[in-house]
Protein chains: 2
Amino acid sequence: MAATINKIKDRLMEKGLKVTPQRIAILEAIYSLNNHPSAEMIMEYIRETYPGIASGTVYKVLDVLIEHQLIDRVKTDKDIMRYDGILEDHHHLYASESAEIKDYLNEELDEILKNYFQQNAIEDFEIQRIRLQINGRFLNNRKNGKSRS
Amino acid sequence: MAATINKIKDRLMEKGLKVTPQRIAILEAIYSLNNHPSAEMIMEYIRETYPGIASGTVYKVLDVLIEHQLIDRVKTDKDIMRYDGILEDHHHLYASESAEIKDYLNEELDEILKNYFQQNAIEDFEIQRIRLQINGRFLNNRKNGKSRS
DNA sequence: GTGGTTGCAAACCCTTTGCACGGCA
DNA sequence: TGCCGTGCAAAGGGTTTGCAACCAC
């Protein structure tokens with residue numbers, strides 16, 4: 001399961017990156033923890049099987065992966081970064097209560113937005129990407145969401 | 001010009017906050033620097049007329065103003081906070097080249113989004129707020145944008 | 001072999017906090 | 001006078017950096 005180690009290796013090689021255990025472990029962590037983990041969550045996950053990894057290394061690897069477009073950063077309301085293994089453009093659902101972030105992909109919506117802005121161009125601004133930041137709360141909670149009120 | 005000091009005083013009083021020179025200066029800075037200034041930009045602006053202000057104070061005042069909904073925080077791709085004097089729900093244009101952030105208010109768009117999500121509810125998720133994060137670049141640059149193509 | 005990677009620890013930077021002083025209601 | 005607000009300086013916490021040792025190619 002997971003994206004399999006081999007697939008991860010292929011992706012690294014395709015980008016001309018050296019295939020190292022640390023890089024594999026970090027990518028595997030991001031794909032497995034598919035809740036947009038923070039650097040700390042990634043380290044915690046990795047240390048179960050790879051206790052020796054240094055936090056500086058994790059940050060450096062994350063930078064390299066972002067630079068080569070294997071992952072992306074997600075901004076949250078707090079001041080910590082989180083990382084996303086999905087590359088296609090997509091939107092995010094934020095549940096501030098539980099600090100969960102979920103992906104939201106929807107082509108129909110993207111089409112609507114695209115059409116809208118084609119007909120209503122913003123003066124002096126060239127749009128490169130539009131992301132919805134959908135805040136709210138998850139109902140029918142999975143256990144990691146505090147279900148207050 | 002600007003929101004006039006008196007209006008600022010009124011707003012503070014309406015919220016039951018003590019009217020102090022620091023709070024007035026900070027609010028005035030945010031309204032004047034209407035490019036969603038960072039704490040540092042606010043301090044720099046204020047120090048021209050009020051050199052003695054402490055950075056701790058600025059942060060504390062900003063927290064109080066947010067708490068009482070006189071301003072709001074804006075998250076950027078970088079890890080520094082920026083502050084917004086507009087209270088109504090609105091969207092943001094981000095120009096990463098120049099670190100500019102502009103407001104984008106558009107009721108028609110909001111209506112479209114509202115309708116869309118009424119007809120396409122997201123399973124197990126209650127939407128509280130939707131914000132568009134529109135990334136791109138400003139054309140026809142104003143001088144504070146570095147116009148590297 | 002050798003240049004890119006890693007580990008480690010210190011540095012960084014923005015932000016927060018604690019506490020004593022000061023000033024407005 | 002009482003309490004909230006301010007100034008100052010130190011602490012905090014996530015992230016970055018410098019450099020020597022290492023290892024994937």
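Source: prediction; values computed, not measured. Chain letters run A, B, ... following the sequence lines, proteins first, then strands; residues in each count from 1.
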For [N], take OP1 and OP2 only and decide whether either is under 4.0 Å from a side-chain N or O of [X].
| X | N | result |
| --- | --- | --- |
| Thr20(A) | dA24(D) | no |
| Gln22(A) | dG7(C) | yes |
| Tyr59(A) | dT16(D) | no |

Of the candidate nucleotides [options], which contains the atom at the shortest distance from the side chain of [X]?
| X | options | value |
| --- | --- | --- |
| Thr57(B) | dT6(C), dT6(D), dA24(D) | dT6(D) |
| Lys18(B) | dT6(D), dC3(D), dT15(D) | dC3(D) |
| Met81(A) | dT15(D), dT6(C), dT5(C) | dT15(D) |

ask   = Do the ring planes of His36(B) and His90(B) sit parallel (below 30°), tilted (30 to 60°) or perpendicular (above 60°)?
value =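 Aromatic pair His36(B)/His90(B) classed tilted.
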
I need the [atom1]-[atom2] distance between [X] and [N], as an integer number of Å.
| X | N | atom1 | atom2 | result |
| --- | --- | --- | --- | --- |
| Leu65(B) | dT15(C) | CG | C1' | 16 Å |
| Ile80(B) | dT15(D) | CD1 | P | 15 Å |
| Leu12(A) | dT6(C) | CG | P | 10 Å |

request  = Could you say whether Leu17(B) or Gly52(B) is positioned toward the 5' end of DNA chain D, judged by the nucleotide with the nearest heavy atom to each?
outcome  =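 The residue closer to the strand's 5' end, by nearest nucleotide, is Leu17(B).
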
task = Assign each of Ala39(A) and Lys60(A) to its nearest nucleotide of DNA chain D by heavy atoms, then name whichever residue's nucleotide is nearer the 5' end.
result =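 The 5'-side residue here is Ala39(A).
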
Under 4.0 Å, counting only non-hydrogen atoms across every strand here, what does [X] touch: a base, just sugar-phosphate, or nothing?
| X | value |
| --- | --- |
| Val19(B) | nothing |
| Tyr50(B) | sugar-phosphate |
| Val61(B) | sugar-phosphate |

query = Between His91(A) and Asp103(A), is any side-chain donor less than 3.5 angstrom from a side-chain acceptor?
reply =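 Result is no, nothing qualifies.
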
ask   = With distance as the sole criterion, is a donor-acceptor pair present between the side chains of Tyr50(B) and Gln22(B) under 3.5 Å?
value =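 Indeed, the side chains of Tyr50(B) and Gln22(B) share at least one donor-acceptor pair under 3.5 Å.
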
ask   = Ignoring hydrogens and geometry, is there a side-chain-to-backbone donor-acceptor pair from Arg47(B) to Gly52(B) under 3.5 Å?
value =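 Side chain of Arg47(B) to backbone of Gly52(B), a donor-acceptor pair under 3.5 Å: no, none is there.
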
